[in-house]
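Presented below is the structure to which this report refers.
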Protein chains: 2
Amino acid sequence: MSYSYDYPHPAVTTDIVIFTIRQDELMVLLIKRANEPFKGEWALPGGFVQIDEDLENGARRELLEETGVKDVYLEQLYTYGAVDRDPRERVITVAYYALVPSDKMEIRAASDAEGVGWFSVDKLPELAFDHARILGMAHERLVAKLDYSTIAFQFMPDEFTLSTLQRVYELILREEVDKRNFRKKILSLKQIEDTGKEQREGPHRPAKLYRVIDRSRIAFIK
Amino acid sequence: MSYSYDYPHPAVTTDIVIFTIRQDELMVLLIKRANEPFKGEWALPGGFVQIDEDLENGARRELLEETGVKDVYLEQLYTYGAVDRDPRERVITVAYYALVPSDKMEIRAASDAEGVGWFSVDKLPELAFDHARILGMAHERLVAKLDYSTIAFQFMPDEFTLSTLQRVYELILREEVDKRNFRKKILSLKQIEDTGKEQREGPHRPAKLYRVIDRSRIAFIK
DNA sequence: TCAAAAGTGTTTGCTATACACCCATGA
DNA sequence: TCATGGGTGTATAGCAAACACTTTTGA
């Protein structure tokens with residue numbers, strides 16, 4: 001079977017930068033390529049857009065296949081179409097990024113399955129194609145959005161403490177944050193609420209557990 | 001001549017939202033479609049990405065053909081890939097937006113040539129495909145960027161007065177701004193400089209002419 | 001009782017906003 | 001001389017940043 005057109009068509013893929021917080025680090029999911037080109041190198045998960053599938057659905061499909069999660073935050077990042085970015089044929093890729101709560105991971109990505117791995121954004125391997133650039137832009141976007149939106153809440157499990165939320169901010173911003181100012185600001189947004197429950201662990205005062213009021217909503221700040 | 005692939009490929013186009021300020025309004029360039037589908041309706045300028053042409057080059061080519069300008073501000077907006085957005089075949093479009101200084105326009109777009117026209121963003125006709133949505137997102141992006149960048153300078157001719165710059169802000173924001181505060185803020189950015197020249201027109205004090213110091217630079221504010 | 005993280009307010013500086021009058025010109 | 005838009009400074013309010021001690025618990 002083959003498909004013919006009157007003029008040349010590029011191939012279109014989606015690639016997805018999957019971020020999560022694990023082991024006190026901001027991490028991304030990478031796949032070891034099984035085939036040429038770049039066989040054996042690490043790359044972003046992704047694949048061809050099906051002819052009867054919307055772009056975002058394609059990205060969600062990849063995400064589900066790699067991590068077993070759905071219903072997480074997913075946003076289109078940018079479209080990369082340099083003529084020579086793939087040596088095989090003209091390939092245009094629509095890149096997305098996803099934020100996955102640390103407790104939601106399953107199967108492939110959760111286990112350290114062969115050929116799939118989580119990498120700290122600070123200790124990335126060489127990447128195939130232009131994926132280093134894509135990942136860099138995704139990281140930039142994430143840092144920028146932290147400043148004017150509640151996007152970081154997307155990393156949190158259903159219930160969490162303010163200290164762990166603060167830690168997420170510190171990891172992404174790469175700088176320490178003042179505890180009192182942080183709590184004041186976060187609570188003033190009215191986007192999270194006290195569950196009434198407490199989390200006690202270790203020889204210290206128990207921490208209140210909060211939840212995000214509307215998970216689907218990324219509020220804009222200021 | 002025909003081109004064959006082992007699996008179906010979508011077509012890829014670029015569409016471009018060309019903004020300018022004319023007649024004291026924020027305007028966009030539209031083209032009247034000469035062919036089906038949507039024959040006779042207004043649409044964004046755009047066309048198929050050539051197989052040996054980068055995405056941004058494709059958009060610049062469209063821009064040049066329609067307005068005769070090059071070297072203006074152009075930014076990728078978003079990629080639209082709903083399965084049924086084009087009734088002919090699967091078409092994925094990478095949308096860009098451009099900001100053109102009001103004095104740079106030539107030929108086709110400058111004249112009111114048949115089938116090409118400038119429309120106020122407040123008085124748009126029905127648009128073909130999903131172009132109304134694309135245009136809406138471009139407009140949103142422009143408004144948002146006004147707040148945290150010097151993107152509006154891209155609308156200005158080489159030399160301009162602070163009053164005309166203020167007017168551009170007011171048109172895009174759809175609200176009046178305070179003259180003293182505006183001047184204070186703009187000048188504090190150190191992105192424009194006094195040319196030493198004056199513009200005299202009408203029975204009132206002449207206005208100082210300014211120029212953008214580095215036209216290629218969109219400074220981010222705050 | 002000690003060590004460890006949770007929780008809590010006030011002061012200070014800076015930035016954004018509100019606001020009104022004189023200036024230079026052409027007709 | 002008058003009508004028109006160009007040009008200028010200060011006072012105030014609101015927000016962001018700095019900063020230190022008390023509380024609760026488990027061992």
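Bear in mind the structure is a predicted one, so any value in this text is a computation, not a measurement. Chain identifiers are assigned alphabetically (A, B, ...) following the order of the sequence lines, protein sequences preceding nucleic acid strands; residue numbering begins at 1 within each chain. Reckoned from all heavy atoms, side chains included, excluding hydrogens, waters and symmetry mates.
Here A/Lys32 does not pair with A/Glu41 in a salt bridge; the nearest charged N to carboxylate O distance is not below 4.0 Å. With salt bridges taken as basic N to acidic carboxylate O contacts below 4.0 Å, none links A/Asp158 and A/Arg211. Under 4.0 Å is where a charged nitrogen must lie from a carboxylate oxygen, and between A/Asp122 and A/Arg174 at least one such pair does.
In 5' to 3' order, the nucleotides of DNA chain C bounding all contacts with chain B (an atom under 4.0 Å from a heavy atom) are C/dA16 to C/dG26.
Annotation: proximity of residues 151-174 of chain A to DNA chain C (heavy atom, distance under 4.0 Å) is found for A/Ser163, numbered in ascending order.
Between the B/Thr150 side chain and the B/Phe153 main chain, no donor and acceptor come within less than 3.5 Å of each other. At least one donor-acceptor pair under 3.5 Å links the side chain of B/Asp194 to the backbone N or O of B/Gly196.
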In 5'-to-3' order, the base (B), backbone-only (S) or no-contact (-) status of each nucleotide in nucleotides 8-17 of chain D, using a 4.0 angstrom heavy-atom cut-off, is BBB-----SB

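Qualifying ring pair (Phe, Tyr, Trp, His ring centres under 6.0 Å) partners for B/Phe129, counting only residues two or more places apart in sequence or in other chains: B/Phe38, B/His131. Remark: A/Phe182 pairs with A/Tyr169 by the ring pair (Phe, Tyr, Trp, His ring centres under 6.0 Å) rule, at least two apart or across chains. Residues passing the side-chain contact (heavy atoms from CB on, under 4.5 Å) test with A/Pro206 are A/Glu198, A/Arg200, sequence neighbours excluded.
Partner of B/Asn181 under the side chain to side chain donor-acceptor pair (under 3.5 Å) criterion, chosen from B/Lys185, B/Lys184, B/Arg183: B/Lys184.
A/Ser102 and A/Thr20 are not linked by any side-chain donor-acceptor pair at a separation below 3.5 angstrom, with hydrogens and angles left out of the test.
The distance from atom CD of B/Gln199 to atom C1' of D/dG5 is 12 Å, rounded to the nearest whole Å.
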